[in-house]
Visitor: 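I'd like to ask you about the structure that follows.
Every chain is numbered from 1 and lettered A, B, ... according to where its sequence line falls, protein lines coming before strand lines.
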There are 2 protein chains.
Amino acid sequence: MKKDSRLSSVLHALLHMAEREGPVTSEELAVCMHTNPVVVRRTMGLLRDAGLVVSARGSGGGWQIMADLEQVTLRQLHETLGEPAIFAIGNRNETPQCLVEQSVNAALDDAFAEAEALLLERFSRITLAELAAEFQRRHAAYRQGQA
Amino acid sequence: MKKDSRLSSVLHALLHMAEREGPVTSEELAVCMHTNPVVVRRTMGLLRDAGLVVSARGSGGGWQIMADLEQVTLRQLHETLGEPAIFAIGNRNETPQCLVEQSVNAALDDAFAEAEALLLERFSRITLAELAAEFQRRHAAYRQGQA
DNA sequence: CCGAATCGTAATAATCGAAGTTACATGAAA
DNA sequence: TTTCATGTAACTTCGATTATTACGATTCGG
Ligand code: FES
Ligand code: FES
């Protein structure tokens, strides 16, 4: 299956918005991310429903961040997106009768659960503010390289 | 994305084969796993190329394990299957110009790399022999429940 | 030798979810 | 009232696994 890149997308959009005064339109975000405004609205709509951003219609409208960058974690965003499946590998049959398959499933499920726990734990420790700071560092380094 | 269930499949097949004397046909494995013989051959073919099993054509043919159950790990099987993508979540663009996106990618890549390392480490510690033993335990418990 | 059993493999279809597109309605501002 | 912008449904496209069909190649038994 095609990978779910919405987490990456909303992070990109949120940081972009954080760098700007005033609302950003779906059209702008779509151009910047090489995608379609409707896709932006669909995904950002989930963040709006969670209260992380607000949208305004009509002239001068667009999207704005309502959350504290220090408080929003990657884990929270993952949850807001509906906790999509993390792994592209899984069991052939989730509820097998066969004891052989049950043993295999149990072993794999254990390993995946542990890796998922680690990933989510890391996600819960990364805030938007940290990503913004990391971007500032890269930006400064880039300008230094240019000068 | 549809999940890749080949690791689960080959484990099931290998344990099934380990419990049996003599070769097992693709047809038998396919019935047991509710799939198609051609799918079995495609997947088992990778294990054959890696020397883990042998296949014999013609009447009385089929598949047999050639590897030591104590030596074969889940990680080895994962590699044999071509190291398919582990995650169903990823970056929107793997080689972005935009520094914002580069920062996002770096943070996500780090977290995923760490989770992947943990998963592969666990995989490298689980052998076919251990899964077989786990099956034996379940089988014994099941018979006790029946008696 | 012949014929059934079995694997080997290419080519094609079915499937499933994310992403993209089109279309139109709704609401806000100039 | 015209224009800008979101809201959303419906549909298409895309990407990856899995399933199916078809046929060739090999091995065993009689
Ligand atoms: S060994 Fe496959 S169904 Fe039990
Ligand atoms: S912020 Fe999106 S392309 Fe740079």
Side-chain angles (χ1 to χ4, degrees), chain A residues 1-10 12-13 17 22-50 53-64 66 78 81-94, chain B residues 1-10 12-13 17 22-50 53-64 66 78 81-94:
Chain A
M1 174 204 314
K2 188 180 284 191
K3 284 192 176 183
D4 182 337
S5 61
R6 289 177 302 161
L7 182 56
S8 167
S9 294
V10 298
H12 184 165
M17 288 157 64
V24 183
T25 66
S26 304
E27 178 65 32
E28 287 176 275
L29 289 172
V31 168
C32 156
M33 302 166 71
H34 307 103
T35 182
N36 188 295
V38 177
V39 173
V40 172
R41 286 188 202 116
R42 249 198 321 248
T43 312
M44 295 299 287
L46 296 172
L47 304 197
R48 179 194 55 224
D49 296 346
V53 301
V54 289
S55 58
R57 297 206 254 205
S59 190
W63 302 88
Q64 272 184 292
M66 286 309 293
H78 174 66
L81 293 176
E83 306 198 27
I86 290 176
F87 296 106
I89 297 180
N91 293 325
R92 171 169 197 84
N93 177 351
E94 289 300 341
Chain B
M1 155 187 322
K2 186 177 283 189
K3 287 189 176 186
D4 182 336
S5 62
R6 289 177 302 161
L7 181 57
S8 165
S9 295
V10 299
H12 185 166
M17 288 158 62
V24 183
T25 67
S26 304
E27 178 66 33
E28 287 176 275
L29 289 172
V31 168
C32 156
M33 303 167 70
H34 308 104
T35 182
N36 188 294
V38 177
V39 174
V40 173
R41 285 185 205 121
R42 254 201 313 254
T43 312
M44 296 298 288
L46 296 172
L47 304 197
R48 180 194 53 225
D49 296 345
V53 300
V54 288
S55 59
R57 297 205 252 204
S59 189
W63 302 88
Q64 272 184 292
M66 286 310 294
H78 177 246
L81 293 175
E83 306 197 28
I86 289 175
F87 297 105
I89 296 179
N91 294 323
R92 174 172 193 79
N93 178 351
E94 288 301 341

Visitor: Hey, does A/S26 have a side-chain heavy atom less than 4.5 Å from the side chain of A/M44?
Guide: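 A/M44 vs A/S26: side chains apart.
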
Visitor: Reckon B/S59 has a side-chain N or O less than 4.0 Å from the OP1 or OP2 of C/dA4?
Guide: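 Result: no.
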
Visitor: For C/dG8, take OP1 and OP2 only and decide whether either is under 4.0 Å from a side-chain N or O of B/S55.
Guide: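 For C/dG8, OP1/OP2 do have a side-chain N/O of B/S55 under 4.0 Å.
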
Visitor: Over all strands shown, is A/A85 touching base, sugar-phosphate only, or nothing at heavy-atom distances under 4.0 angstrom?
Guide: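 Counting heavy atoms under 4.0 Å across all strands, no contact is made by A/A85.
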
Visitor: Return the value, rounded to whole Å, for the distance between atom CD1 of A/I89 and atom P of D/dT18.
Guide: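 After rounding, the gap between these two atoms is 10 Å.
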
Visitor: It should be established whether A/S26 places a side-chain nitrogen or oxygen under 4.0 Å from OP1 or OP2 of nucleotide D/dA5.
Guide: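 No.
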
Visitor: B/M33 has an atom CE; how far is it from atom C1' of D/dA19, in whole Å?
Guide: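 Distance, rounded to whole Å: 14 Å.
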
Visitor: Please confirm whether the shortest side-chain N or O distance from A/T35 to OP1 or OP2 of C/dA19 is below 4.0 Å.
Guide: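 Indeed not, no polar side-chain atom of A/T35 lies that close.
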
Visitor: On DNA chain D, compare the nucleotides closest to A/G60 and A/D49; which residue's is nearer the 5' end?
Guide: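 The answer here is A/G60.
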
Visitor: Using whole Å, report how far CG of A/N36 lies from P of D/dT6.
Guide: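 In whole Å, D/dT6 P and A/N36 CG are 12 Å from each other.
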
Visitor: State whether B/R92 places a side-chain N or O below 4.0 Å from either non-bridging phosphate oxygen (OP1 or OP2) of C/dG20.
Guide: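 It does, given that an N or O in the side chain of B/R92 lies less than 4.0 Å from OP1 or OP2 of C/dG20.
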
Visitor: Report yes if some heavy atom in the side chain of B/S55 is under 4.5 Å from a heavy atom in the side chain of B/R41; otherwise report no.
Guide: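 No, too far: nothing below the 4.5 Å cut-off.
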
Visitor: Please pick, from D/dA22, C/dA5, C/dT21, the nucleotide with the shortest atom-to-atom distance to any side-chain atom of A/V38.
Guide: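 Nucleotide nearest to A/V38's side chain: C/dT21.
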
Visitor: Ignoring hydrogens and geometry beyond distance, is the side chain of B/K2 in donor-acceptor contact with the base of C/dT15 at under 3.5 Å?
Guide: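 Such a pair is found, so the answer is yes.
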
Visitor: 5'-most contact on DNA chain C: A/S5 or B/G45, nearest heavy atom basis?
Guide: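 Nearest nucleotide further toward 5': that of B/G45.
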
Visitor: A/N91 CG to D/dT17 P: how many Å, rounded?
Guide: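 That distance rounds to 17 Å.
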
Visitor: Determine, step by step, whether A/L81 and A/T43 satisfy the side-chain contact (heavy atoms from CB on, under 4.5 Å) criterion, reporting the C-alpha distance in whole Å, the side-chain angles of both residues, the deciding distance to 0.1 Å, and the verdict.
Guide: CA-CA 8 Å; A/L81 293 176; A/T43 312; 4.0 Å; yes

Visitor: Give the nucleotide from the list D/dT20, C/dA29, D/dT8 with an atom nearest to the side chain of A/R41.
Guide: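 The listed nucleotide nearest to A/R41's side chain is D/dT8.
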
Visitor: Rounded to the Å, how far apart are B/E28 CD and C/dA5 C1'?
Guide: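 Taking atom C1' of C/dA5 as the reference, CD of B/E28 is at 12 Å.
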
Visitor: What I want to check is whether an N or O donor and acceptor connect the side chain of A/R48 with the base of D/dG7 at under 3.5 Å.
Guide: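 Not at all, since no donor on one side and acceptor on the other fall under 3.5 Å apart.
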
Visitor: For residues B/T35 and A/R92, determine if any side-chain heavy atom of one lies less than 4.5 Å from a side-chain heavy atom of the other.
Guide: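 The answer is yes, as the side chains (C-beta and beyond) meet within the 4.5 Å cut-off.
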
Visitor: Select base, sugar-phosphate, or nothing to describe what B/R42 touches, counting heavy atoms under 4.0 Å on all strands.
Guide: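 Base contact.
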
Visitor: Take the protein atom NE2 of B/H34 and the nucleotide atom P of D/dT20, then report the distance between them rounded to whole Å.
Guide: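 It is 13 Å, rounded to the nearest whole Å.
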
Visitor: Measure CH2/A/W63 against C1'/C/dA28 and give the value in whole Å, please.
Guide: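 From A/W63 CH2 to C/dA28 C1': 15 Å.
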
Visitor: Ignoring hydrogens, what is the shortest heavy-atom contact between B/W63 and B/R48? Give both atom names and the distance.
Guide: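 Taking B/W63 first and B/R48 second, the nearest heavy atoms are CH2-NH1, 3.6 Å.
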
Visitor: What integer distance in Å separates B/E27:CD from D/dT21:C1'?
Guide: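 Taking CD of B/E27 and C1' of D/dT21, I get 15 Å after rounding.
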
Visitor: For A/G62, answer base if it contacts any base atom (sugar-phosphate contacts may also be present), sugar-phosphate if it contacts only those atoms, and nothing otherwise; contact means non-hydrogen atoms under 4.0 Å.
Guide: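 Counting heavy atoms under 4.0 Å across all strands, the contact made by A/G62 is with sugar-phosphate only.
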
Visitor: So if I apply the side chain to side chain contact (heavy atoms under 4.5 Å, CB included) rule between A/V31 and each of A/H34, A/E28, A/E27, which one comes out positive?
Guide: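 Of the listed residues A/H34, A/E28, A/E27, the side chain to side chain contact (heavy atoms under 4.5 Å, CB included) partner of A/V31 is A/E27.
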
